[in-house]
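Accompanying notes for the structure given below.
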Amino acid sequence: MSASPRQIALVGNPNSGKTTLFNAFTGLRQKVGNYPGVTVEKKVGEARTLHGEKVAILDLPGTYSLSARSEDERVARDVLLGDLSGIPRPDVVICVVDASNLERNLYLVLQVIDLGLPVIIALNMIDVVEENKQRIDPEALSESLGGVTVIPCQANAKIGIAELKQAMAKKSYTPVERVWTTDDDLTQLLSETADVLAAHNTINPRAHALTIIGDRAMRDPSHPNCLDNEILRKITPLVDATLKQHPTPVESRIVAARYDAISRISAASLRGENRPDGLSVSDKLDEVLIHPILGWLVFILVMATMFFSMFTLAETPMDWIENGFAILGDWVGSLLGKGDLRDLLVDGVIAGVGGVLVFLPQILILFLFIGILESSGYMARAAFIMDRLMARVGLNGKSFIPLLSSYACAIPGIMATRTIENEKDRLVTILVAPMMSCTARLPVYGILIKLMVPEADNDIWIQTGLMFALYGLGTLGAFLFAAIFKRTIAKGDASPFMIELPPYRLPGWKLIVQQLLDRAGIFIKRAGTIILALSILIWAASTFPKPADPETPKDIALEQSIMGRTGKMIEPIMKPLGYDWKIGSAVIWSFLAREQFVAAMSVIYSVEDEEDEPALRSKLAAAESPDGISIFSIPVCASLLVFYVFAQQCIATFAVVRRETSSWKWPIFQLGYMTVFAWIAAFVTFMIVSHIV
Amino acid sequence: MTKLTLLSEIAPHKSCTVLAILSDAPGMQRLQEMGILPGTKISVIRRAPMGDPIELEVRGYKLSIRKREAAEISVQPA
């Protein structure tokens with residue numbers, strides 16, 4: 001038995017069903033990590049062939065082409081070339097092909113064949129082809145591709161999985177020859193380039209030569225993907241000589257040559273009439289969903305439904321969690337005697353974690369919506385509808401998805417910016433993403449809005465309206481700064497926008513649920529580690545140093561604690577915003593994670609009580625300054641709300657930005673500009689609202 | 001010689017055939033890789049609600065690009 005399992009890579013276009021196939025192969029035996037040195041997500045899993053052999057499956061990022069325009073595509077290409085250190089070159093590549101979109105999907109297949117790797121084609125979504133009254137002849141396809149194995153399948157219905165596992169079992173795959181041909185001058189250029197590379201000890205010189213000649217960016221010294229200078233100096237004259245004879249760019253000629261072959265292959269293997277009768281279901285849906293007027297109505301309706309669901313559907317499970325933690329706190333409290341340990345567990349640990357976990361239902365509902373939108377194909381329409389608006393601030397429709405995701409949490413939102421090809425647009429999207437109101441702000445918004453709008457018959461509408469206004473404010477802020485950054489620090493060409501509008505599909509519930517569990521896991525992990533640590537820290541900071549006299553009243557003891565002293569130290573900075581030292585302390589602690597505001601306020605105001613939002617709210621409402629003025633007045637609440645809309649108060653976001661931009665400069669810049677702007681905006685709000693009220 | 005017709009000038013519900021890609025700017029190579037090549041038939045399906053971008057049907061699938069890029073593609077109206 002060999003020591004390490006055979007490596008099988010999975011490649012395919014976005015929307016080809018690659019992830020569904022990966023899940024079908026590996027079940028839950030998968031690991032998500034990162035490629036060394038870059039920020040692209042690496043998904044590996046373990047599968048067994050039909051003969052029981054254990055193989056490693058690498059799910060490469062979804063890509064249309066291997067000429068790398070984004071980091072995802074660069075990783076896919078480098079893995080297939082064997083250029084990524086630490087990742088063995090795959091033994092076999094399974095190309096997932098959307099059979100209902102054969103020509104464009106074959107482009108990637110041809111590129112993989114060109115790299116000299118053995119290929120198995122998973123001809124997915126054959127059912128969709130049949131619905132169009134067409135048929136693809138697998139044997140003819142295989143033959144016209146030089147003998148590549150072709151397995152028809154239907155990943156979402158688990159059809160063809162066994163056949164694919166059987167194909168994996170075969171060990172004697174050999175790469176097939178390039179299936180496209182071109183003029184002699186280009187063939188000569190490719191072989192001369194390969195000679196140069198071979199002389200520089202490049203492995204797979206022929207595959208690398210094709211990559212270099214087929215991708216302009218690799219020969220452009222101003223592009224980050226440009227190859228080594230010394231080799232470029234030798235290759236450039238060769239390319240120039242070819243261009244002198246034939247002025248069409250060499251990369252365009254290669255693309256055209258591949259598509260010539262694809263037209264031939266498609267004609268040889270596709271059977272049946274090309275024209276489906278009338279408009280497809282998807283076309284009819286689009287008539288409504290991207291209609292100039294109806295389209296907007298639907299778009300706004302979808303977004304509004306999403307928000308409204310977060311507040312209504314989440315209520316009951318939130319109550320359960322709240323009550324559960326209250327009972328747990330009581331129970332633990334009754335087991336332990338009065339003392340630091342009891343206070344630590346009940347007021348620090350249980351209250352802190354409970355106060356955050358309570359928002360899990362909202363996060364799950366939001367991600368359920370995002371999952372459905374992505375899986376159904378509506379997300380691409382949203383980008384299509386929003387592109388014009390995003391273009392106005394210099395971004396493109398692709399920034400919409402990361403920014404929309406940032407309403408749930410900036411962390412997945414920032415991670416989703418990897419699909420933005422233009423590096424500058426990507427940076428700007430990362431920089432403004434945390435301005436979109438994330439779910440971590442909800443506890444803060446929730447408690448302050450309820451303080452601002454006291455009980456009344458129609459208060460749910462005022463509260464919802466205020467909530468909507470806060471989301472709008474954050475969104476406007478993000479757009480404002482995107483426009484500023486695109487004109488200053490990230491000046492450059494507007495990125496070419498290009499998005500596929502895939503046919504609408506019924507949401508893949510399994511996939512959505514799995515992603516939902518992943519998200520919940522990430523959130524709980526964050527709640528369980530960082531936030532738990534912070535809860536303990538807050539409790540300690542509010543408890544120590546202890547006053548000598550144990551009979552000292554609580555509020556005086558708190559004033560003398562580390563938190564009270566820090567809050568007082570920064571009081572001059574916080575005073576213009578209308579905050580006293582207690583609020584100042586809570587704001588300071590929120591810089592670690594903004595949802596800590598509620599936990600901090602709980603500890604500050606209700607050290608004796610267990611975590612209980614209504615109780616905390618009534619304490620806050622009753623809080624008065626020494627001269628009898630209510631502390632949480634409307635101007636203070638408004639000022640606080642605005643501060644929390646704009647401030648970058650999340651160390652996890654800081655860490656992700658550090659990782660995604662591979663620099664300390666950008667996360668520090670982001671923390672700085674957002675906080676300064678938050679202070680200014682809160683100050684202005686406090687001034688204006690004080691005058692009105 | 002008549003004036004060049006550009007893809008950006010084709011009205012919704014009309015078709016055309018690509019004559020040439022007029023720019024070798026970054027991004028245009030990707031459009032070619034997506035199947036927009038001299039000789040390719042393209043149908044313009046619609047414009048986005050705000051007028052830009054446009055939706056095309058190319059090689060049996062739907063692709064959306066901006067007018068700015070569409071103005072770099074010369075076509076023969078059908």
Side-chain angles (χ1 to χ4, degrees), chain A residues 64-65 67 69 98 100-105 107-108 111 132 214-217 220 223 249 251-252 255-256 258-260 262-263 266 274 282-283 286-287 290-296 299 380-381 383-389 391 396-397 421-422 493-503, chain B residues 6-8 10-15 17-76 78:
Chain A
Y64 292 113
S65 158
S67 65
R69 288 290 168 277
D98 172 358
S100 66
N101 191 348
L102 189 62
E103 296 196 11
R104 199 204 59 215
N105 276 258
Y107 186 82
L108 183 65
Q111 282 189 314
N132 293 345
D215 183 357
R216 190 185 194 81
D220 177 359
H223 199 281
E251 62 276 3
S252 297
V255 176
R258 286 195 183 117
Y259 266 105
D260 280 347
I262 287 168
S263 299
S266 168
N274 200 7
S282 198
D283 292 338
D286 268 342
E287 292 288 333
I290 23 186
H291 184 273
I293 298 153
L294 287 176
W296 280 113
F299 182 77
R381 272 71 183 183
F384 180 67
I385 293 172
M386 294 306 284
D387 182 61
R388 189 71 228 281
L389 197 69
N396 68 59
E421 295 176 1
N422 185 302
D493 290 339
S495 60
F497 169 78
M498 188 202 76
I499 195 162
E500 187 189 357
L501 301 176
Chain B
L6 303 174
L7 179 57
S8 53
I10 302 293
H13 311 300
K14 300 270 188 237
S15 303
T17 304
V18 176
L19 289 177
I21 311 292
L22 305 175
S23 154
D24 54 6
M28 294 312 279
Q29 184 186 345
R30 178 49 55 88
L31 285 186
Q32 293 168 58
E33 292 184 310
M34 297 299 279
I36 300 180
L37 294 160
T40 306
K41 280 205 179 77
I42 296 182
S43 304
V44 177
I45 307 287
R46 61 166 63 80
R47 299 202 166 107
M50 281 187 275
D52 197 16
I54 56 175
E55 182 185 345
L56 311 172
E57 184 169 332
V58 188
R59 296 179 192 264
Y61 77 97
K62 307 288 194 325
L63 180 71
S64 166
I65 65 172
R66 281 190 188 154
K67 282 186 184 169
R68 193 187 136 103
E69 272 76 47
E72 303 285 354
I73 299 167
S74 75
V75 295
Q76 175 70 55

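Throughout, protein chains are lettered first and strands after them, A, B, ... in sequence-line order, and every chain is numbered starting at 1.
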Part of B/I65 lying under 4.5 Å from any heavy atom of chain A: both
Separation of B/M34 CE from A/Y259 OH (nearest 0.5 Å): 7.5 Å
Heavy-atom pair count under 4.5 Å with chain B, highest-scoring of A/D220, A/I293, A/D286: A/D286
Option that, when pairs with chain B are counted at under 4.5 Å, heavy atom only, ranks first among A/S100, A/S266, A/A217, A/S252: A/S252
Those residues that, when tested against B/L22, pass side chain to side chain contact (heavy atoms under 4.5 Å, CB included) (two or more places apart): B/L4, B/L6, B/A20, B/E72, B/S74
Straight-line distance of B/R66 CZ to A/N396 CG, nearest 0.5 Å: 5.5 Å
Nearest heavy-atom neighbours spanning B/S64 and A/F384: OG-CD1, 3.0 Å
Among the listed options A/P249, A/A380, A/P503, A/A391, the residue most often paired with chain B at heavy-atom distances under 4.5 Å: A/A391
Rounded distance (nearest 0.5 Å) linking atom CG of A/L501 with atom CZ of B/R46: 8.5 Å
Partner chain B: residue of A/R258, A/R104, A/E500 with the largest heavy-atom pair count (under 4.5 Å): A/R104
B/L56 versus chain A, the contacting section by heavy-atom distance below 4.5 Å: neither
Under 4.5 Å from a heavy atom of chain B, the part of A/N101 involved: side chain
Non-hydrogen side-chain atoms of A/D283 and B/K62 separated by less than 4.5 Å: yes
Option in B/P53, B/G60, B/P38, B/G39 with maximal non-hydrogen atom pairs under 4.5 Å from chain A: B/P53
Gap separating the CD atom of B/E55 from the CD1 atom of A/I290, nearest 0.5 angstrom: 4.5 Å
Partner set under side chain to side chain contact (heavy atoms under 4.5 Å, CB included) for A/S65, not counting sequence neighbours: A/S67, A/Y107, A/Q111, B/R30, B/E33
Between CD on residue A/E287 and CD1 on residue B/I45, distance to nearest 0.5 Å: 9.0 Å
Side chain, backbone, both or neither of A/E103 within contact of chain B (heavy atoms, under 4.5 Å): side chain
Under 4.5 Å from any heavy atom of chain B - which part of A/I262: neither
Rounded distance [0.5 Å steps], CD in A/E251 versus CD in B/Q29: 5.0 Å
Any side-chain heavy-atom pair of A/S263 and B/R59 under 4.5 Å: yes
Interface residue of largest heavy-atom contact number with chain B, from A/L102, A/D215, A/D98, under 4.5 Å: A/D215
